[in-house]
Engineer: 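If you scroll down you'll find the structure; I have some questions about it.
Order of appearance sets the numbers: ligands from 1, and atoms from 1 within every ligand.
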Amino acid sequence: MSITNPRRISKAIKIGNVTVGGNAPIVVQSMTKTDTRDIRATVRQIKRLEEVGCEIIRVAVPDTEAARALVDIKKRIKIPLVADIHFDYRLALTALQAGVDGLRLNPGNIGEADKVKKVALAAKERGVPIRIGVNAGSLPKTADKKSNIADRMVATALEQVKLLESLDFDLVKVSLKAFDVPTTIAAYLSIASKMPYPLHIGITEAGLPRTGVIRSAVGIGTLLWLGIGDTIRVSLTAPPEEEVIAAYEILKSLDLRRRGPVLVSCPTCGRAEADVVKLAQEVEKRLAKIDKPIKVAVMGCVVNGPGEARDADVGLACGKGRGVIFKKGEKMAVVEEKDFLSALMREVEEI
Ligand code: SF4
């Protein structure tokens, strides 16, 4: 049971067979880092992302060749495909013909309303949703320079929402991304009550994993805790699988999604009776191959160890040369230090 704030009510839309918004689970998505024209490499990367639980994939469509490659990519993957379009609305039209499940447009660089209109009409014919993806770094030149960035982002998005609504198009999703976490939070908080559409949330260009994951967890986590956000992407300068793993960790830490194991391990201190760092790293590596949402604890001593270990599905509390294995709160066995890893994993696998 989650104790986050009640979720903002949004209109549910379908990206392929995945529901975004309404009461649907918060959807995890990512973006490929391959050259989209290289169909084999792109499909291979998407397959890896499917394996780690990515639910929607977006690909960059910088030119006509990339837009045409979408036909083959779409045929060879299972998850919904979204085309990311900048500058040239004609690429969006080609992507729609290729059968994509969603479009992401940056209104700041698509240009005149007329071009957005043409795309909206073609998307409407096919029932394909459009994400209005506003980025703080590329606001339209017409945006009111006197107001703050968050307000300008919101105003830009709402203008595009209105334009799409005027065309009787309501398969809309909105994102308002900035590198700056407080700006991003302010923008989403502001737009949340101004329109009914689902929100795609993330911190853009968050950086390398060590800092990027923290920035994303703070920004995305704060919004999710406030009940805002229907789909998330963690942007990292790293292989996209890391984005998906980080996204699930954020969702799991707020108890919003369950996927894969949760590892509880103590920070170790002068009381530690074993090499907890090495042991926890090894356990984490082995748990990565397991899909089941189980909680595993590795604790360094008998002070806090038994409590946490007992609270987990499977836990180990290390002692001097020996440790106690707990399973579902019950003491299962006392094992020798050399058997810590194998004994713990044996119990995990049995669950
Ligand atoms: S469980 Fe024991 S070893 Fe680990 S941090 Fe707590 S007191 Fe230190």
Engineer: Which heavy atom of I13 sits nearest a heavy atom of K173, and at what distance?
Structural biologist: CD1-CB, 4.0 Å
Engineer: Does E350 have more than 12 heavy atoms from other residues, nucleotides or ligands lying within 6.0 Å of its CD?
Structural biologist: yes
Engineer: Is atom 8 (Fe) of ligand 1 under 2.8 Å from any N, O or S atom of C301?
Structural biologist: no
Engineer: Give the numbers and elements of all ligand 1 atoms closer than 4.0 Å to a heavy atom of R271.
Structural biologist: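 Here the atoms of ligand 1 in question are 7 (S).
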Engineer: What's the shortest distance from atom 4 (Fe) of ligand 1 to any protein heavy atom, and which residue and atom give it?
Structural biologist: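 It is C266 SG, 2.4 Å.
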Engineer: For atom 6 (Fe) of ligand 1, what's the nearest protein heavy atom and its distance?
Structural biologist: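 The closest heavy atom on the protein side is N304 ND2, 3.3 Å.
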Engineer: Membership question, hydrophobic clusters at under 4.5 Å side-chain separation (ILVMFWY): are F326 and L287 in the same one?
Structural biologist: no
Engineer: When you check the gap from the basic side-chain N to the acidic O, do D168 and K124 get nearer than 4.0 Å?
Structural biologist: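 Salt bridge flag = yes for K124 with D168.
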Engineer: Relative to ligand 1, is V276 under 4.0 angstrom through side chain, backbone, both or neither, heavy atoms considered?
Structural biologist: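 The answer is neither.
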Engineer: How close does the nearest protein non-hydrogen atom get to atom 8 (Fe) of ligand 1, and which residue and atom is it?
Structural biologist: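 Looking only at protein heavy atoms, the one closest to atom 8 (Fe) of ligand 1 is C269 SG, 2.3 Å.
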Engineer: Considering only heavy atoms of A272, which atoms of ligand 1 have at least one such atom less than 4.0 Å away?
Structural biologist: 3 (S)
Engineer: Can you confirm if the NZ or CZ of R322 lies within 45° of the ring axis of F340 and under 6.0 Å from the centre of its six-membered ring?
Structural biologist: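 Relative to the ring axis of F340, which defines the angle, R322 lies outside at least one limit.
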Engineer: Between E243 and S30, do the side chains contain a donor N or O and an acceptor N or O under 3.5 Å apart?
Structural biologist: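 Note: S30 and E243 side chains meet the donor-acceptor criterion.
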